Amino acid sequence: MKKILSVAILAIASGVGTAQADVPIGLWQSNPDNMGIVLHVRTRACGRAICGQVERVKDRRGYDAPSRSVGHRVLINLVPDEEGMFSGDVWEPASNKLLRARMKVEGNLMRFENCNGMECSKVTWRRVR
């Protein structure tokens, strides 16, 4: 409850209306990679920003899979902007690269636009909890 309240205060303080800003705190599932592997990422407030780290890795059958990605930060200092979005860095495990990203939460969906130089892609994660 304390985390949800701090994110709501963060959204209000940053000028983002509460009607526009869904809460990005929780457990999120990434899209499957080429091998069917998905990440479960726990997001939390870190100061005025949102951060997230890998809590679990699941194989294509939904079983926990051993991975060095567990515990790794994948969402790094996503700060709110005037458009109701968050901007910061996202670590891409498949390529082991940091990408610039913009993120917005809409209900149980977390939508990203990740950019590597001039090339951008759109990704949607789903809320697990």
Side-chain angles (χ1 to χ4, degrees):
M1 184 65 171
K2 193 186 257 184
K3 289 180 184 179
I4 292 172
L5 181 60
S6 67
V7 171
I9 291 169
L10 171 72
I12 293 168
S14 66
V16 177
T18 54
Q20 293 176 318
D22 286 324
V23 179
I25 301 301
L27 185 63
W28 300 87
Q29 180 173 297
S30 70
N31 289 339
D33 66 9
N34 296 344
M35 307 260 311
I37 303 293
V38 297
L39 304 178
H40 281 196
V41 176
R42 174 76 59 188
T43 57
R44 62 182 174 78
C46 47
R48 291 196 57 226
I50 299 297
C51 298
Q53 75 180 47
V54 177
E55 191 169 279
R56 300 174 98 161
V57 176
K58 302 276 188 173
D59 65 19
R60 71 178 65 234
R61 297 171 303 182
Y63 295 112
D64 285 339
S67 174
R68 286 188 236 146
S69 296
V70 173
H72 201 287
R73 286 182 63 184
V74 292
L75 304 180
I76 302 162
N77 296 325
L78 294 169
V79 294
D81 64 22
E82 63 280 350
E83 297 174 20
M85 297 184 77
F86 290 80
S87 299
D89 293 318
V90 174
W91 174 64
E92 173 58 50
S95 63
N96 195 26
K97 290 184 180 179
L98 270 182
L99 307 174
R100 290 296 301 159
R102 293 188 76 206
M103 177 270 291
K104 183 170 187 163
V105 175
E106 297 169 343
N108 288 324
L109 300 177
M110 184 179 283
R111 300 185 190 278
F112 290 93
E113 182 175 281
N114 303 327
C115 296
N116 185 9
M118 298 299 291
E119 186 177 321
C120 294
S121 63
K122 293 186 179 189
V123 177
T124 301
W125 289 4
R126 296 193 184 285
R127 186 184 301 270
V128 176
R129 280 183 248 163

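Remember, it's a predicted structure, so these values are computed and weren't measured experimentally.
The salt bridge (Lys or Arg N to Asp or Glu O under 4.0 Å) test applied to Arg127 returns no partner, not counting sequence neighbours. With sequence neighbours excluded, the residues satisfying side chain to side chain contact (heavy atoms under 4.5 Å, CB included) with Glu113 are Cys115, Cys120, Lys122. Residues satisfying the side chain to side chain donor-acceptor pair (under 3.5 Å) criterion with Asn31, sequence neighbours excluded, are absent altogether. In this view, Ser67 and Ser69 satisfy the side chain to side chain donor-acceptor pair (under 3.5 Å) rule, not counting sequence neighbours.
In terms of heavy atoms, Leu78 sits closest to Ala101 at CD2-O, 4.4 Å. Summarising the geometry of Pro93 relative to Leu39, their closest heavy-atom pair is CG-CD1, 3.6 Å, with the distance given to 0.1 Å.
A salt bridge links Glu83 with Arg102: at least one charged nitrogen is closer than 4.0 Å to a carboxylate oxygen.
Evaluation of the salt bridge (Lys or Arg N to Asp or Glu O under 4.0 Å) test over residues 64-77, restricted to residues two or more places apart or in two chains, returns Arg56-Asp64, Lys58-Asp64. For the salt bridge (Lys or Arg N to Asp or Glu O under 4.0 Å) condition, the pairs that include at least one residue of residues 85-97, sequence neighbours left out, are Asp89-Arg100. Pairs passing the ring-ring contact (aromatic ring centres under 6.0 Å, His included) check and including a residue from residues 110-129, sequence neighbours excluded, read Phe112-Trp125. The list of disulfide bond (SG atoms under 2.5 Å apart) pairs with a residue in residues 42-86, not counting sequence neighbours, reads Cys46-Cys51. Within the structure, disulfide bond (SG atoms under 2.5 Å apart) pairs that include any residue of residues 55-96 do not occur (at least two apart or interchain). Among residue pairs with one or both ends in residues 41-78, those qualifying as ring-ring contact (aromatic ring centres under 6.0 Å, His included) are His72-Trp91; sequence neighbours excluded. Residue pairs meeting the disulfide bond (SG atoms under 2.5 Å apart) criterion with at least one partner in residues 56-96, sequence neighbours excluded, do not occur; the list is empty.
With hydrophobic clusters built from ILVMFWY side chains whose heavy atoms lie under 4.5 angstrom apart, Leu99 does not share a cluster with Val54. Under the 4.5 Å side-chain heavy-atom criterion for Ile, Leu, Val, Met, Phe, Trp and Tyr, Val128 and Val70 are members of distinct hydrophobic clusters.
Side-chain contact between Val90 and Val123 is absent, with no heavy atoms from C-beta onward closer than 4.5 Å. Using a 4.5 Å heavy-atom cutoff, the side chains of Arg126 and Leu109 are in contact. For the pair Thr43/Leu75, a side-chain contact is recorded, criterion being any heavy-atom separation below 4.5 Å from C-beta on. For the pair Met110 and Pro24, the minimum side-chain heavy-atom distance is below 4.5 Å. Side chains of Trp28 and Val74 form no contact here, defined as non-hydrogen atoms less than 4.5 Å apart.
Side-chain atoms of Glu55 and His40 include no donor-acceptor pair closer than 3.5 Å.
Other members of a hydrophobic cluster containing Val38 are absent, since no ILVMFWY side chain comes under 4.5 Å of it, directly or through relayed contacts.
No more than 12 heavy atoms of other residues, nucleotides or ligands shown are found within 6.0 angstrom of CD on Glu119.
How far NZ of Lys104 is from CG of Asp81: 9.0 Å, rounded to the nearest 0.5 Å. Remark: Asn114 CG to Met103 CE distance equals 11.0 Å, nearest 0.5 Å.
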